[in-house]
Structure formats: C-alpha cells, structure tokens
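Any value given below was found using the heavy atoms of this structure, including those in side chains, with hydrogens, waters and symmetry copies removed. All values reported here derive from a predicted model rather than from experimental measurement. Start at 1 with the first residue, then count along the sequence.
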Amino acid sequence: MEGLQIRQGTVYRKKEDGSEFVLINHNPMQLQSLLLRRNGAAWDCSAPELIAVDTLIEIRKSGDYEELGDMTSGDFKKLVETLLKADSLPEDHRELVEKL
C-alpha cells in the first residue's frame with residue numbers, strides 16, 4: 001500500500017441531477033467508507049451508507065459524477081462530530097470514526 005493516499009471529506013456531485021455526497025474513509029484496512037448525502041444545506045448524518053472500495057472505483061470511473069474536492073479540515077471535523085452524535089452510526093463503525 002506504498003504511496004496510497006487516503007483523502008477525507010471528498011465531495012462528489014451527480015452531473016444528472018446535482019445531488020451531492022461526501023465520503024468519510026473511516027476503515028481503510030477493510031477498504032470501507034461512509035457515504036453521507038447532502039440534505040439541503042447540511043449533510044444527512046441520519047442515514048450513513050457503508051460502501052466498499054469497488055463502489056468508489058465505479059463512481060469515479062462512471063463519468064456520472066464530478067469531484068468537487070475535499071472539505072476543509074475544520075468542516076470535516078464538524079461533520080465527524082455531528083456524525084458521532086447521530087444514533088444512526090452503527091456501533092462497530094463508531095470506534096473507527098472516533099479515531100479520525
């Protein structure tokens with residue numbers, strides 16, 4: 001895994017309808033990320049979706065999404081704090097997110 005860069009808080013927009021989501025790469029050893037969709041002006045922390053690296057590769061290769069870049073570290077920290085307060089985060093992922 002030499003040269004691997006794990007980015008955090010990368011935002012994507014679907015070209016077709018403008019919907020956005022952000023990725024939290026919380027479990028790199030299992031190649032899993034949490035996907036949070038934008039709900040208006042905020043990220044929906046009530047329904048995090050667990051995705052595997054093959055889904056992320058498919059998203060990137062499809063051409064259906066544009067990458068909008070990474071959140072600032074401050075915004076990412078606030079997002080993680082909000083996610084940790086949400087009851088929807090499965091316990092087996094909570095520890096991993098807390099370590100971010």
Side-chain angles (χ1 to χ4, degrees):
M1 297 193 14
E2 187 176 321
L4 177 67
Q5 179 186 26
I6 298 175
R7 295 170 53 197
Q8 287 293 8
T10 305
V11 179
Y12 293 86
R13 179 179 8 208
K14 190 169 187 174
K15 293 176 182 177
E16 182 179 284
D17 62 11
S19 61
E20 296 180 1
F21 65 87
V22 63
L23 292 177
I24 298 174
N25 298 306
H26 72 299
N27 193 355
M29 297 308 288
Q30 295 296 318
L31 301 174
Q32 296 175 328
S33 300
L34 292 171
L35 182 149
L36 303 174
R37 298 187 184 280
R38 187 179 292 278
N39 185 4
W43 298 107
D44 185 1
C45 292
S46 68
E49 300 172 39
L50 182 65
I51 66 166
V53 71
D54 55 336
T55 302
L56 178 55
I57 291 168
E58 185 179 309
I59 287 169
R60 289 182 174 164
K61 285 185 173 181
S62 72
D64 295 337
Y65 299 87
E66 60 182 309
E67 189 176 311
L68 302 180
D70 299 340
M71 301 174 81
T72 66
S73 60
D75 287 343
F76 182 74
K77 182 179 178 182
K78 288 177 191 173
L79 176 62
V80 168
E81 289 170 356
T82 302
L83 181 60
L84 288 170
K85 291 176 187 172
D87 293 334
S88 57
L89 185 62
E91 279 304 314
D92 55 333
H93 296 282
R94 183 171 298 280
E95 261 187 63
L96 297 166
V97 173
E98 286 173 343
K99 292 179 182 178
L100 294 177

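- Residues satisfying the side-chain contact (heavy atoms from CB on, under 4.5 Å) criterion with Asp54, sequence neighbours excluded, are Ala52.
- Taking the side chain as every heavy atom from C-beta outward, Leu79 and Cys45 approach each other to under 4.5 Å.
- Here the side chains of Lys78 and Met71 are not in contact, with every heavy-atom distance at 4.5 Å or above.
- Using a 30° and 60° split on the angle between ring planes, Phe21 and Tyr12 fall in the parallel class, below 30°.
- Interatomic distance, NZ of Lys15 versus CZ of Arg13, reported as 10.5 Å (0.5 Å rounding).
- Other residues, nucleotides and ligands contribute more than 12 heavy atoms inside 6.0 Å of the CD atom of Glu66.
- Interatomic distance, CD1 of Ile51 versus CG of Leu56, reported as 5.5 Å (0.5 Å rounding).
- Residues Val22 and Thr10 fail the side-chain proximity criterion, which asks for heavy atoms closer than 4.5 Å.
- Using a 4.5 Å heavy-atom threshold, the side chains of Leu83 and Leu34 count as touching.
- Two residues are said to be in side-chain contact when any heavy atoms from C-beta on lie closer than 4.5 Å; Asp64 and Glu16 fail this criterion.
- Using a 4.5 Å heavy-atom cutoff, the side chains of Trp43 and Asp75 are not in contact.
- For Ser88 against Ala47, the heavy-atom pair with the smallest separation is OG-N, 4.0 Å.
- Taken to the nearest 0.5 Å, the CG atom of Asp44 stands 11.5 Å off from the OG1 atom of Thr82.
- With rounding to the nearest 0.5 Å, the separation of CG in Leu35 from CD in Gln32 is 13.0 Å.
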